Amino acid sequence: MSDPLFVRIADLPAHAGETVTIRGWVTHVRSSGKVAFAVIRDGTGVCQTVFVKNQLPPDVWERFAALTTEASVSIVGAVRAEPRSPGGVELGVADLVIVGPSPADYPIQPKEHGIDFLLDNRHLWLRSPRQRAIAIIRNEIEQAIHDFFYERGFLRVDTPILTAAIGERSGLFATEYFDEGNAYLAQTGQLYGEAAAAAFGKIYTFGPTFRAEKSKTRRHLTEFWMIEPEVAWNDSEANMLLQEELVSYLVQRVLERRRAELSELERDVTKLESVKAPFDRLNYTDAIALVQARGSTTQWGEDLGAEDEALIVRDATRPVFVFNYPKTAKAFYMKENPDDPRTVLCDDLLAPEGFGEMIGGSQREDDYDKLVARIKEEGLPMDAYGWYLDLRRYGTFPHAGFGLGLERTVAWICGLQHIREVIAFPRMMNRLRP
RNA sequence: UCCCCAGUAGCUCAGUUGGUCAGAGCAUCCGACUGUUAAUCGGAGGGUCGUAGGUUCAAGUCCUACCUGGGGAGCCA
């Protein structure tokens, strides 16, 4: 004898009047004596199930009495419209099977918890409605990124995670690598992206990156996902156009398709609705003047600090570009600004509402001699950059690209206070498990 | 690495100038209830107050060190 048709909770409204089977986990049990309710979650939605004692066989009622939070169950019942139930339908229960019981000490309750406790129980915390909404929006953004680039003829290139020391100089995770000495977890795919741009024209990478920085803030992870487009023949201006087009696309896509999840997160969508290209552009010199006028003591030539960035986006509802920073504040591979050699052709895109740098981008130095000089100035090991310099020896070309931090972008769009909620299993300097 | 804050029941926290200070809510367990929405009501169990020293007649409370965590700086996405 087989169960009635197995239906996912999201599909229940189409089965009103039928008897079906649902399978999921108990999020909540309420009893009022001889009528009782269990709310079931299956990942697609939640459904209230109703148990009426004098309409059920005694053994089913007894099994109901043993139900606990997060037990997994298979329930047979009649689907009926019920405005008082979340989802608009409820299930009048005929049979209940406890697939996997759950002891009474399930740690996560429908109440406030501290972040440390929640992260210790991240594997269970993921079951909460809020975490589901975040995961769905993250997925929507990831899919939208692929759609955006695919529609525009970009080729996705997967770059190595294990690398020799190359790239930027912030903290590296090292591991032994056969007879090759140390390998390092990639902090960027950009240099490989440049090689791919010379081969394929317009490319992007999408993958994890690793920073062994001892950063304990709401905006940092040691492992995060980054999207790095690299476009042959783009200059810095075209680079910024691409950035604002992408960011606008992502925001509008989420607004279009994930209103329910934004609502679950209580996100103020009016702030997102204004996120459309073009974004404001502030060159570095003007940015210094602005932050000084707002009380900063930062001088021309210094990098903008976190406080400065906050001052810049103080009244903004859209992301803001700051472009052409001093050479001394930026990486060796950025192209010297021909109109002001003290600066380089680069930009940071600052998210509004205090979410920090969402994008860092630049036109790349394509002059062989200047690039060699910069590598020497920075004291970097020349021999590690042989292949990178080859890109300038054999048919050098103007090109530009950027890195979009996925978690910062998702956190901003979701309006979350902390980046760690945005990734299923966050890695931070003192958190390697679960 | 530096600065600030916190650590009391399974969870979230209260605990006044050192002296009934071992407390509450939630959760759990037992009981009541035929439409609950974080149900409600009654009852019960549950703590080496982060660790180690010190001051004191007396320390959850004051001092020192350490540990753990949080937030921030730097660095970055």
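Per chain, numbering begins at 1; letters A, B, ... match sequence-line order. These numbers come from a predicted model, not from an experiment.
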Between [N] atom [atom2] and [X] atom [atom1], what is the distance in whole Å?
{"X": "A/F402", "N": "B/A77", "atom1": "CZ", "atom2": "P", "answer": "13 Å"}
{"X": "A/L118", "N": "B/G69", "atom1": "CG", "atom2": "C1'", "answer": "14 Å"}
{"X": "A/R218", "N": "B/G69", "atom1": "CZ", "atom2": "C1'", "answer": "17 Å"}
{"X": "A/M226", "N": "B/C76", "atom1": "CE", "atom2": "P", "answer": "13 Å"}
{"X": "A/E213", "N": "B/C2", "atom1": "CD", "atom2": "P", "answer": "16 Å"}
{"X": "A/D120", "N": "B/U68", "atom1": "CG", "atom2": "P", "answer": "14 Å"}

Scan side-chain atoms only and decide if [X] and [Y] contain a donor-acceptor pair under the 3.5 Å cut-off.
{"X": "A/Y249", "Y": "A/E151", "answer": "yes"}
{"X": "A/T217", "Y": "A/S215", "answer": "no"}
{"X": "A/Q143", "Y": "A/N139", "answer": "no"}
{"X": "A/R23", "Y": "A/T21", "answer": "no"}

Classify the nucleic acid contact of [X] as base, sugar-phosphate or nothing, counting any heavy atom under 4.0 Å across all strands shown.
{"X": "A/F117", "answer": "sugar-phosphate"}
{"X": "A/G33", "answer": "base"}
{"X": "A/I359", "answer": "sugar-phosphate"}
{"X": "A/R219", "answer": "base"}
{"X": "A/T69", "answer": "nothing"}
{"X": "A/A306", "answer": "sugar-phosphate"}
{"X": "A/K216", "answer": "base"}
{"X": "A/E90", "answer": "base"}
{"X": "A/D303", "answer": "sugar-phosphate"}
{"X": "A/D105", "answer": "nothing"}
{"X": "A/G305", "answer": "sugar-phosphate"}

Write down the distance separating the [atom1] atoms in [N] and [M], rounded off to the nearest Å.
{"N": "B/U8", "M": "B/G47", "atom1": "P", "value": "15 Å"}
{"N": "B/A65", "M": "B/C5", "atom1": "P", "value": "14 Å"}
{"N": "B/A27", "M": "B/U16", "atom1": "C1'", "value": "29 Å"}
{"N": "B/G25", "M": "B/A9", "atom1": "P", "value": "16 Å"}
{"N": "B/G46", "M": "B/C29", "atom1": "C1'", "value": "11 Å"}
{"N": "B/G19", "M": "B/C13", "atom1": "P", "value": "24 Å"}
{"N": "B/U28", "M": "B/A73", "atom1": "C1'", "value": "44 Å"}
{"N": "B/G45", "M": "B/G23", "atom1": "P", "value": "13 Å"}

For the side chain of [X], starting at C-beta, report the closest nucleotide among [options].
{"X": "A/N430", "options": "B/G70, B/C76, B/G74", "value": "B/G70"}
{"X": "A/A104", "options": "B/U28, B/G35, B/A73", "value": "B/U28"}
{"X": "A/H28", "options": "B/G69, B/A38, B/G35", "value": "B/A38"}
{"X": "A/L221", "options": "B/A73, B/U28, B/A77", "value": "B/A77"}
{"X": "A/Q109", "options": "B/G74, B/U36, B/A27", "value": "B/A27"}

Should the pair A/R152 and A/F148 be classed as cation-pi, given the thresholds of under 6.0 Å to the six-membered ring centre and 45° from the axis?
->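 Yes, A/R152 and A/F148 form such a contact.
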Can A/R130 be said to sit on top of A/W125's aromatic six-ring, NZ or CZ under 6.0 Å from centre and within 45° of the ring axis?
->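 No, a cation-pi geometry is absent between A/R130 and A/W125.
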Quickly, which of A/T209, A/L406, A/L404 forms a side-chain contact (heavy atoms from CB on, under 4.5 Å) with A/W225? Name it, please.
->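 Result: among A/T209, A/L406, A/L404, A/L406 is the only option passing the side-chain contact (heavy atoms from CB on, under 4.5 Å) with A/W225.
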CZ on A/R433 to CG on A/L119, rounded to 0.5 Å |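 Going from the CG atom of A/L119 to the CZ atom of A/R433 covers 14.0 Å.
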Would you say A/H220 reaches B/G74's phosphate, i.e. side-chain N/O to OP1/OP2 under 4.0 Å?
->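 Answer no for this pair, as no side-chain N or O of A/H220 is under 4.0 Å from OP1 or OP2.
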Would you indicate, yes or no, if B/C11 has its OP1 or OP2 atom less than 4.0 angstrom from a side-chain nitrogen or oxygen of A/N121?
->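 Answer no for this pair, as no side-chain N or O of A/N121 is under 4.0 Å from OP1 or OP2.
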Paired with [N] by Watson-Crick or G-U wobble geometry, both distances under 3.5 Å: which nucleotide is it?
{"N": "B/U51", "result": "B/A65"}
{"N": "B/U1", "result": "B/A73"}
{"N": "B/G46", "result": "none"}

Between the base of B/C33 and the side chain of A/R30, is there a donor-acceptor distance below 3.5 Å?
->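 There is none.
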Evaluate whether the aromatic ring of A/F37 and the six-membered ring of the B/G35 base sit under 5.5 Å apart, centre to centre, with an inclination under 30°.
->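 It does not: the ring fails the test against the base of B/G35.
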